[in-house]
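Notes for the one structure printed next.
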Amino acid sequence: MSESLPAAYEPGAIEAHIYQMWLDRNAFHAEATDAGEPYCIVIPPPNVTGALHLGHAIDNTLQDILIRVHRMRGCNAVWIPGIDHAGIATQAVVEKQLREQENLSRHEVGREGLVQRIWKWKEQYGERILHQLKRMGASCDWARLRFTLDEQCARAVRATFFKLFKDGLISRGKRLVNWDVFLQTSISDDEIYHENVKTSLWHIRYPIDGTSEFMTVATTRPETMLGDTAVAVHSEDARWNRYIGQQVRLPLTDRLIPIIADDILVDPKFGTGVVKVTPAHDFNDYAVYQRHLGKADEIALLNILRPDGHLNEAAGAVYAGQRRDHARKQIVIDLAALGLLIKEEPHEAEVGHSDRSKTPVEPYLSDQWFVRMAPLAEPALDVVRRESIRFFPERHAQQYLAWLGEKRDWPVSRQLWWGHRIPVWHHAAPSTESLEWLQLNPEFIAFNQNESGIFVCARDSDPLIEQRLVDWGYLQDPDVLDTWFSSALWPHSTLGWPEQTGALQKWYPTRVLVTGRDIITLWVARMVMTGLYNLGQIPFDHVCVHPTILDGKGERMSKSKGNGVDPLDIIETHGADALRFTMSHMATETQDVRLPVKKLPSGKNSSVRFDLGRNFCNKLWNAARFVFANLQSAPGELSEPGQWATADRWIVSRFNRTVADANTALATYRFDAYARACYDFFWRDLCDWYVEASKPALKDPARATQTADVLAAVLDGTLRLLHPIIPFITERLWSHLNQIRPTRGLPIDLACPPSELLIKANWPIAGPLDESTEQRFSQVQEIVGIIRNARNDYKIDPRKAITLSISGPAAMVDSLAADRQTIELLATCAVSDISSDLVPPPNAIRATAAGCEIYLMELIDPAAEKQRLAKRCEELRKTIHSLRGRLGNESYMSKAPPQLVQQTHDQLTEAEAEFQKLDGSNGG
RNA sequence: GGGCCGUUAGCUCAAUUGGCCAGAGCGCCUCCUUUACACGGAGGAUGUUACGGGUUCGAUUCCUGUACGGCCCACCA
């Protein structure tokens, strides 16, 4: 029945089996009607475009730890998984594939054809992501898997858009947007990266109308001059201000454009002091246009580009149809021919590029939908200021507040086909019949009218309503919504909103959002806004921001950089638990952690950083094997802790302390502190000391049963404590423990009810601490330490037992005698005498620890001993000098806390006592 | 250019509201294959806590300046 466990832990042999067992037992699933305090986490949905890397691994490991801890604490815990459709990124990938493999453009396959292909692609890559999550041990409630483009999310999107539309928070307008001419869509600021490009600065003369004079402008983009509608100067620039109100003749065109004053745009000390103004193709110039709008010096807006980046008719017959880069060359040639090009100097500029298509973006004037932010942002700022939502670490709230404080309108339309289509239909001249109908259904239909016609928003995706609109000649907006629009609804859309589902009522607000700091603004802030707007409630109480994983060169792991490491690679070399343990250990409060990665001959990646977790698992495996080998099948009779050995009481107290530390760490999302507390307890206390100390006890018939019971109990508790971090190995060992020892015979402080599965077991109880025992055992540790130290100094064969005697304070003699066996085993020695009044034997090595004198006998080399003692005396002399200095300092004595002064006093007394003894014997 | 954060052992990171000799893992050195574990055990070496100034009895911790690095925002015709 209880098969033997191999000497080395082999994660590959058990992980798949254990995960399947959890699935078979439905261990991840929760129902809203289940008992327990609700505890819900929604996963930050990974983009379907790519496989997960280690950045996702840390994010999901931490979430899984929280979910598993709270499940064990008896909460009704649910972790909702999902994937993001990642509009622009996904469409770009599939379009690229289409081009490369079939040489087709999206227009050739059509809207439906393309969307169909993307869905296919999504199935394939979505599966891969889910597979990765499962291999990592993620205990997601898979029955609740969501996709940001599925029907449930679509209902939430429609309902939200409708509400915004009805409340007048959706507006449509011409705006200058960042245009990707390759994908022919607008992209958001955050989808742009800047690249340093070597180009030229061209100086061009603009003839001032009615004079023989010129104004000289400098530009890096000469082709945009065809769209100039003004030149601007500073109002106080004596060189130029007399021309304000006059006109220049725009070269290569027959247009006259005004000379205007704009003191914001123009810095008179920079360049020539004259700036060309191209409001349709430059963000600053567009701002000029807006500033002058409605004033006497209002300027025109002239778009000279087609959506594909070619120049249009407005650019003039000569240039219309040319590509933007071709036009630039041609214009330079033409200007030179006219003698209007003064010079061309080398110039470096940061040019915005689309993250998706890697092509330069074009500021482009187009019709877009916007969400007005001000009314949404204010309450979202408020809940964080009031700390209804708390950030961990706190400092990250600043970024949130700063960004939201700007309240910049959110452009939500994207000229894409993959995404939630904007639920707005337009008609320039609607029939009265249709208008009457619209007014009949204010619950489902909202509309507003302006000079360009009527815009109708339909709440539900109802084919009958939509068909009716189409029949009346209304056209649906071809654009789709920004991906963030659907992810902004994630915490409530995944729970069923707008339906008042049981899940929504039970689990909303969710408890914590775990994420990296890069999407605090784009995502976290928007979730808070929509949560408050749609439900009047915050979406989560806490935001846990974990460090960003960097590679060995300090660069962020990302798919586009190609430096992402597949968690499956690490799982292959180290195991999932090792990956998770190391991730938890790395989750400190710093903003980044570096992870040097090495490429294996197989082409896969690995990193020695994960050895930490692997070694830890192996140690756990073997410590458990040791316990199993020493357990009788039934526990002994419960005895009173008062009858236990020091080591027994000590390890129980240490365990209780560790549980308390883990609880504290988890309450503030200090996953590193949780992992470190477990590591130190398990390795340092349990393995290094307790297991070693238990070995003679297990051979002693009088103590074997009690010791085995403590071992079983502490192993039981340790597995519970570690399960959330390293679920696979602990579940495996748990089942083995259950087989050979179904009941533990737990000492009272560790009593937790039994459980067949560890994943469903109770979280350990932080029982009482036994300070005096901890202190007493630490004296044993000190004494053992100093003996080992001396043995090493004297190069004594590790196998050779030495004889020693201990002279200590009368109060310690009895307790030391009780722990004699422990000292003898751990320091490989025989203790011949423990007493309060020993005379130092001749030729013995002397050492001091825990206020005791230790005499190591039968060791020669008095010269070496003398030298060693001299060294120690010197150390003590320094210590004493420093401590006396501190106590002699009046300010210190009067201002430092008395407790600290007392401590200093005690230290001095101790050091002086040791010095006196050593110096006395060494004095000869 | 504006804002935020960081700089601790060769590397990667800790250090509760300022207070024991600033710790751990890896790496390094010595020794040990002792029946849980060499993915192990015992011991050891390594720090002007980036640098300057200040506050304090006392500063890795608080203030300030400099250097370097990262992130966010805005980007200059």
Side-chain angles (χ1 to χ4, degrees), chain A residues 5 7-9 189-190 194 201 217-221 232 265-267 270-278 282-285 349-350 352 393 395-396 398-399 402-403 406 517-518 520-521 547-548 550 552 554-556 574 578 582 585-586 588-596 607-609 611-630 664 668 670 672-673 676 679-680 684 687-688 691-692 695 784-785 788-793 795-799 826-828 875 878-879 882 886 889-897 899-901 903-904 906-907:
Chain A
L5 303 173
Y9 175 53
D189 292 347
D190 40 276
H194 288 88
L201 191 63
V217 299
T219 181
T220 55
R221 307 185 57 213
L265 179 73
V266 183
D267 175 0
F270 188 90
T272 59
V274 182
V275 184
K276 63 193 276 299
V277 182
T278 322
D282 183 283
F283 287 98
N284 286 319
D285 296 357
E350 296 284 314
R395 61 180 139 90
H396 291 294
Q398 292 176 63
Q399 196 191 336
W403 185 82
E406 291 183 30
R517 66 179 190 286
D518 49 328
I520 287 172
T521 53
T548 303
L550 308 179
E555 293 197 37
R556 214 187 122 189
H574 290 77
T582 308
H585 199 268
M586 287 197 308
T588 62
E589 287 196 321
T590 51
Q591 64 175 1
D592 302 314
V593 289
R594 283 193 180 210
L595 187 70
S607 169
V608 291
R609 288 293 297 277
D611 292 357
L612 174 76
R614 184 200 56 193
N615 296 353
F616 183 77
C617 289
N618 189 251
K619 187 78 175 173
L620 177 64
W621 184 257
N622 278 289
R625 287 176 63 230
F626 171 82
V627 175
F628 297 152
N630 287 286
T664 305
T668 50
R670 288 300 306 269
D672 61 321
R676 280 167 218 263
Y679 185 100
D680 289 342
R684 301 277 83 92
C687 293
D688 290 354
V691 164
E692 293 309 318
K695 284 176 180 174
V784 169
R788 285 172 170 174
N789 192 314
R791 293 182 59 113
N792 262 281
D793 281 355
K795 302 201 190 317
I796 296 163
D797 186 323
R799 284 156 300 194
L826 294 174
T828 320
E875 279 172 18
K878 275 188 196 159
T879 305
S882 139
R886 206 180 301 173
N889 182 333
E890 256 176 58
S891 306
Y892 176 75
M893 297 302 285
S894 59
K895 292 181 183 170
Q899 203 181 329
L900 193 71
V901 176
Q903 193 182 322
T904 311
D906 296 347
Q907 284 168 350

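Labels below follow one simple rule: chain letters A, B, ... track the order of the sequence lines, proteins then strands, and each chain is numbered from 1.
Following rounding to the nearest Å, Asp592(A) (CG) and C72(B) (P) show an atom-to-atom distance of 10 Å. Nucleotide A42(B) holds its C1' atom 12 Å from the CG atom of Asp793(A), rounded to whole Å. With rounding to whole Å, Gln399(A) atom CD is found 19 Å from G2(B) atom P. Nucleotide C37(B) holds its C1' atom 11 Å from the CZ atom of Phe626(A), rounded to whole Å. The distance between atom CG of Asn622(A) and atom C1' of C37(B), rounded to the nearest whole Å, is 4 Å. One can place NZ of Lys695(A) at 12 Å from P of U34(B), the figure rounded to the nearest angstrom. Straight-line distance from the CZ atom of Arg625(A) to the C1' atom of A36(B): 6 Å, rounded to whole Å. Rounded to an integer number of Å, the gap from His396(A) NE2 to C4(B) C1' is 10 Å.
If you take atom C1' in C51(B) and the same atom in C13(B), they sit 22 Å apart, rounded to whole Å. One P atom belongs to U46(B), the other to A24(B), and the distance between them is 14 Å to the nearest Å. Spacing between G25(B) and G69(B) at atom C1', rounded to whole Å, works out to 24 Å. If you take atom C1' in C71(B) and the same atom in G10(B), they sit 27 Å apart, rounded to whole Å. Here the separation of A14(B) from C68(B), taken at their P atoms, is 24 Å to the nearest Å. The separation of C28(B) from G47(B), taken at their C1' atoms, amounts to 16 Å, rounded to a whole angstrom.
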Dump the pairs, protein N or O against N or O of nucleotides 15-22 of chain B, anything under 3.5 Å, distances to one decimal.
residue, atom, partner, partner atom, Å
A15(B), OP1, Arg670(A), NH1, 3.4
A15(B), OP1, Arg670(A), NH2, 3.2

Report, one pair per line, the protein and nucleotides 29-31 of chain B atoms (nitrogen or oxygen only) whose separation is under 3.5 Å.
none

Short heteroatom pairs, N/O only, protein and nucleotides 5-11 of chain B, under 3.5 Å:
residue, atom, partner, partner atom, Å
C5(B), O2, Gln591(A), NE2, 3.3

Each nucleotide N or O in nucleotides 23-28 of chain B that has a protein N or O under 3.5 Å away: list the pair and distance.
residue, atom, partner, partner atom, Å
G25(B), OP1, Arg684(A), NH1, 3.1

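Residue Glu890(A) is classed as having no contact, given no heavy-atom separation below 4.0 Å to the nucleic acid. Contact annotation for Arg614(A): base contact, defined as any heavy-atom pair under 4.0 Å involving a base atom. Cys617(A) comes within 4.0 angstrom of no nucleic acid atom, judged by non-hydrogen atoms across all strands. At the heavy-atom level, Leu265(A) lies under 4.0 Å from base atoms of the strands shown. At a threshold of 4.0 angstrom between heavy atoms, the contacts of Val691(A) include nucleobase atoms, whether or not backbone atoms are also involved. If you check every strand for non-hydrogen atoms under 4.0 Å, Ala402(A) touches nothing. Nucleic acid contact for Arg517(A): sugar-phosphate only, since backbone atoms but no base atoms lie under 4.0 Å from a heavy atom of the residue.
Side-chain N/O atoms of Asn622(A) and Arg625(A) include a donor and acceptor closer than 3.5 Å.
Using a 4.5 Å cut-off on side-chain heavy atoms (C-beta onward), Leu900(A) and Tyr892(A) make contact. The side-chain heavy atoms of Met586(A) and Leu595(A), taken from C-beta on, include a pair separated by under 4.5 Å. Considering only heavy atoms from C-beta on, Asp611(A) comes within 4.5 Å of His574(A) through its side chain.
For Arg395(A), there are no salt bridge (Lys or Arg N to Asp or Glu O under 4.0 Å) partners, not counting sequence neighbours.
With hydrogens and angles disregarded, no donor-acceptor distance shorter than 3.5 Å links the side chain of Thr548(A) to the backbone of Asp592(A). Put simply, the side chain of Arg609(A) gets close to the backbone of Arg594(A): a donor and an acceptor are under 3.5 Å apart.
For Val593(A), counting side-chain heavy atoms from C-beta on, the closest listed nucleotide (G41(B), C13(B), G43(B)) is C13(B). Closest approach to the Ala623(A) side chain among A77(B), A36(B), G41(B) is made by A36(B) (side chain taken as heavy atoms from C-beta onward). With G70(B), A77(B), C39(B) as the choices, the nucleotide that has an atom nearest any side-chain atom of Ala8(A) turns out to be C39(B).
By the 6.0 Å and 45° rule, Lys619(A) does not stack over the aromatic ring of Tyr679(A).
Among the duplex regions that RNA chain B forms, those built from at least three successive Watson-Crick or G-U pairs under 3.5 Å are B:1-7 with B:67-73, B:10-13 with B:23-26, B:28-32 with B:40-44, B:50-54 with B:62-66, ordered by first number.
Side-chain atoms of Lys619(A) stay outside donor-acceptor range of the base of C39(B), with no qualifying N/O pair under 3.5 Å.
A sub-4.0 Å separation between OP1 or OP2 of C13(B) and a side-chain N or O of Thr588(A) is absent.
Nearest heavy atom pair, residue Ala827(A) against residue Arg791(A), reads O-NH1, 3.3 Å.
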